[in-house]
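Everything on this sheet refers to the single structure shown next.
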Amino acid sequence: MSVLSLETLQQVALVQCGKQNVIDLSCISYAKAMIRQNQMALRCGTSRMDEKNVSIDGISVSFHDHKTYVECTYAKANRIVTMKIYYDDQAIISMDIDSVLKKR
């Protein structure tokens, strides 16, 4: 019985990891699109998109372009996750992820 319980717990943990990866990869994909669009706007002299709010897998995610990095923020399981995706005019160069408990 305990082996079955451990196996079930492992399966649940794998499913949760898979969902987290989907959210993180989707954030990176949205940030790349935002970076590309803003670089094109800079070249063409049109207006930039500095903020964007989307829903990824039922979770509200906000994106803010700070001209050298895109900040993605979302709340999940009483934590606030912040990803900073740094870029230059060629590509994404670095990324930081921070997670803190929500204040009550």
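No experiment lies behind these values; they were computed from the predicted model shown.
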Below 4.5 Å, heavy atoms only, C-beta onward: do [X] and [Y] meet side chain to side chain?
{"X": "Val100", "Y": "Arg79", "value": "no"}
{"X": "Cys72", "Y": "Thr82", "value": "no"}
{"X": "Lys52", "Y": "His64", "value": "no"}
{"X": "Tyr74", "Y": "Val81", "value": "yes"}
{"X": "Ile28", "Y": "Met83", "value": "yes"}
{"X": "Ile56", "Y": "Cys27", "value": "yes"}

Give the ring-plane orientation class for His66 versus Tyr69, where under 30° counts as parallel, over 60° as perpendicular and anything between as tilted.
parallel
Do you reckon [X] sits in the same ILVMFWY cluster as [Y], going by side-chain contacts under 4.5 Å, direct or chained?
{"X": "Tyr86", "Y": "Ile35", "result": "no"}
{"X": "Ile80", "Y": "Ile59", "result": "no"}
{"X": "Ile97", "Y": "Phe63", "result": "yes"}
{"X": "Met40", "Y": "Tyr87", "result": "no"}

Backbone N/O of Leu25 and side chain of Ser29: donor-acceptor pair under 3.5 Å:
no
Between the side chain of Asn38 and the main-chain N/O of Ala41, is any donor-acceptor distance below 3.5 Å?
no
Approximate separation, where rounding is to 0.5 Å, of Lys76 NZ and Ser99 OG
10.5 Å
Would you give the length of the straight line joining atom CD of Gln37 to atom CE of Met49, rounded to the nearest 0.5 angstrom?
3.5 Å
Verdict with reasoning, Gln39 to Asp89, per side-chain contact (heavy atoms from CB on, under 4.5 Å):
CA-CA 7 Å; Gln39 286 178 336; Asp89 59 344; 4.3 Å; yes
Dump the intermediate steps for side-chain contact (heavy atoms from CB on, under 4.5 Å) on Ser55 and Val61, then the final yes or no.
CA-CA 6 Å; Ser55 179; Val61 182; over 6 Å; no
